[in-house]
Amino acid sequence: MTLASVVDATRSMRRRRILIIVENLPVPFDRRVWAEAQALHRAGYEVAVICPRGPFAEAPFETIDGIEVHRHPLPIEASGKLGYLAEYGSALWWEFAYSLKVFWRRGFDVIHACNPPDLIFLVGAFYKYLFGKKFVFDHHDLNPELFEAKFGHRGPIWKVLVFLERMTFSLADISIATNRSYAEVAVQRGKMKSDRVFVVRSGPNLARVRELAPDETWRNGRSHLVAYVGVIGEQEGIDLLLEAVRHITSARQRTDIQFVIMGAGPSLKQLKHTCAQMGLSEFVTFTGRIDDTTLFTVLSTADVCVNPDRPNAMNDMSTMNKIMEYMALGKPIVQFDLVEGRVSARSASLYASNTDTADFGEKILELINDPDRRREMGMYGRKRVRDELSWEHEEPKLMAAYDSLFR
């Protein structure tokens with residue numbers, strides 16, 4: 001046996017080690033990242049995760065289901081350009097510091113970087129060029145489009161973000177896209193070879209997304225419940241949802257519907273103030289960040305679920321986790337007519353004219369007034385998720401990507 005064959009045999013016997021870095025949300029609350037980490041662990045990889053601390057995830061270190069989770073401080077929640085610079089700079093520093101700790105203690109073969117922001121390639125480049133580690137780019141958000149959606153223009157910062165995205169793609173050994181639109185960006189804008197780009201959708205984990213007994217107290221004494229879950233930010237269109245609520249309660253004089261908005265984010269405080277100024281507080285419940293039991297209880301109680309994502313290039317090309325979870329629970333959906341939203345939901349959703357909040361409200365009322373249609377749409381969505389879109393259908397695609405990485 002040659003020395004080379006001995007080395008190859010030794011490598012095949014040793015478990016591969018993956019370090020996942022994510023800045024957007026803490027683990028396990030970042031559902032896609034946690035599903036990927038669990039899938040890799042089940043496949044025999046050793047997995048560690050670096051992520052920020054947050055509500056319900058404040059321990060600096062813990063091992064969950066055999067996966068090491070290292071959580072760094074993130075004292076700044078950005079709300080402007082300077083705020084984002086400070087947040088991302090702080091996160092990058094902690095990610096690099098924690099990566100050194102993991103590298104020293106247990107080592108790793110791959111850095112699996114989840115954006116935003118497109119800065120983690122700087123950590124990946126250090127280990128790739130000095131130690132020969134592989135770099136995987138898990139493309140969650142289109143940062144140039146995200147900037148344009150938040151600030152309404154392009155300019156020098158937008159050009160910098162395009163450059164950082166290009167650098168991330170150029171460093172990546174493989175790229176993982178959440179849908180076909182993102183895969184096209186990787187090939188066309190990122191100049192990656194198509195055989196190095198793998199589509200792994202953010203399908204719901206049906207072991208986690210579960211129907212629970214309804215809790216009628218969430219209806220606040222009203223006959224119907226409409227629910228939203230997601231980040232509370234500018235591009236999520238919660239202000240548009242509030243306008244739709246005002247149309248329903250004022251123009252249509254319907255006071256029999258309660259709205260529950262679940263989630264946290266930089267715009268939560270301002271939107272609660274806006275809701276009060278619009279005189280809608282009695283009809284709208286803001287929960288902030290909540291645990292899974294509360295989340296699935298509310299969704300199980302809801303008659304209709306909504307996705308008011310503001311129409312823009314970012315949202316048009318993005319697959320939203322909330323849509324998949326609504327469908328998994330058999331809930332009919334109302335959303336604006338966005339490309340990837342329609343690709344995911346198909347007949348499980350009604351589609352309002354973009355930014356037309358009155359039409360959005362009318363679509364909600366259309367479903368509220370037609371329980372048979374709600375049931376039919378919900379059954380279609382649930383079946384589509386179970387047969388095509390759940391995580392069990394996506395996990396083999398993630399494994400195929402990693403097989404290609406090490407082949």
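What you see is a predicted model, and the numbers here were worked out from it, not measured in a lab.
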Query - Atom pair CZ/CG of Phe135 and Leu171 - distance to nearest 0.5 Å - result: 5.0 Å
Report task. In sequence, state the C-alpha distance, the side-chain angles, and the governing distance for Tyr127 and Val123, and then conclude on side chain to side chain contact (heavy atoms under 4.5 Å, CB included). Result -> CA-CA 7 Å; Tyr127 292 102; Val123 180; 3.8 Å; yes
Requested in this report: Answer yes or no: is there an ion pair linking Glu184 with Arg189, defined by an N-O contact shorter than 4.0 Å?
Outcome: no
Query - Donor-acceptor pair, side chain of Asp359 and main chain of Ser353, under 3.5 angstrom - result: yes
Query raised in the report: Quick one: do Arg105 and Glu68 make a salt bridge, cutoff under 4.0 Å?
Result: yes
**Report entry** Heavy-atom check, side chain of Val110 versus side chain of Tyr402, under 4.5 Å
**Finding:** yes
Query raised in the report: Can Lys150 and Glu145 be counted as an ion pair, charged N to O under 4.0 angstrom?
Result: no
Query raised in the report: Is the number of heavy atoms from other residues, nucleotides or ligands within 6.0 Å of CZ (Arg53) greater than 12?
Result: yes
Query - Salt-bridge present (Arg32, Glu36; N to O < 4.0 Å) - result: yes
Report task. State whether Glu243 and Arg246 are salt-bridged, where the test is any N-O pair (Lys NZ or Arg NE/NH1/NH2 against Asp/Glu carboxylate O) under 4.0 Å. Result -> yes
Requested in this report: Apply ring pair (Phe, Tyr, Trp, His ring centres under 6.0 Å) to Phe121 and Phe169, showing your working.
Outcome: CA-CA 9 Å; Phe121 81 92; Phe169 279 122; over 10 Å; no
Query - salt_bridge(Arg42, Glu395) N-O dist < 4.0 Å - result: yes
Query raised in the report: Between Arg386 and Glu392, is there a side-chain N and carboxylate O pair less than 4.0 Å apart?
Result: no
Query - Nearest-0.5 Å distance that lies between atom CD in Glu23 and atom CD in Glu87 - result: 4.5 Å
Query raised in the report: Can you find a pair of side-chain heavy atoms, one from Met262 and one from Thr285, that are under 4.5 Å apart?
Result: no
Requested in this report: Output yes when Asp303 and Lys331 qualify as a salt bridge under the 4.0 Å nitrogen-oxygen rule, no when they do not.
Outcome: no
Query - Backbone of Cys114 reached by a side-chain donor or acceptor of His112 within 3.5 Å - result: no
Query - Side-chain (Arg219) to main-chain (Gln258) donor-acceptor, under 3.5 angstrom - result: no
**Report entry** SB check Asp118 Arg166 (cutoff 4.0 Å)
**Finding:** no
Query raised in the report: Regarding Ser404 and Arg196, is there a side-chain donor-to-acceptor distance under 3.5 Å anywhere?
Result: yes
Requested in this report: Would you indicate whether the side-chain heavy atoms of Tyr45 and Arg17 approach each other to under 4.5 Å?
Outcome: no
Report task. Flag the pair Arg16 / Leu405 as yes when at least one side-chain heavy-atom distance between them is below 4.5 Å, and no otherwise. Result -> no
Query - Over 12 non-hydrogen atoms of neighbours within 6.0 angstrom of CD in Glu388 - result: yes
Query raised in the report: Just by distance, with hydrogens left out, do Gln270 and Thr274 show a side-chain donor and acceptor under 3.5 Å apart?
Result: yes
Query - Atom NZ of Lys383: over 12 foreign heavy atoms under 6.0 Å - result: no
Query - Residue Phe163 excluded, over 12 heavy atoms near CZ under 6.0 Å - result: no
Query raised in the report: Do the charged groups of Glu211 and Arg382 touch, with an N to O distance under 4.0 Å?
Result: yes
Requested in this report: Identify whether the distance between the nearest side-chain nitrogen and carboxylate oxygen of Glu394 and Arg201 falls below 4.0 Å.
Outcome: no
Query - Asn312 side chain to Arg310 backbone, donor-acceptor under 3.5 Å - result: yes
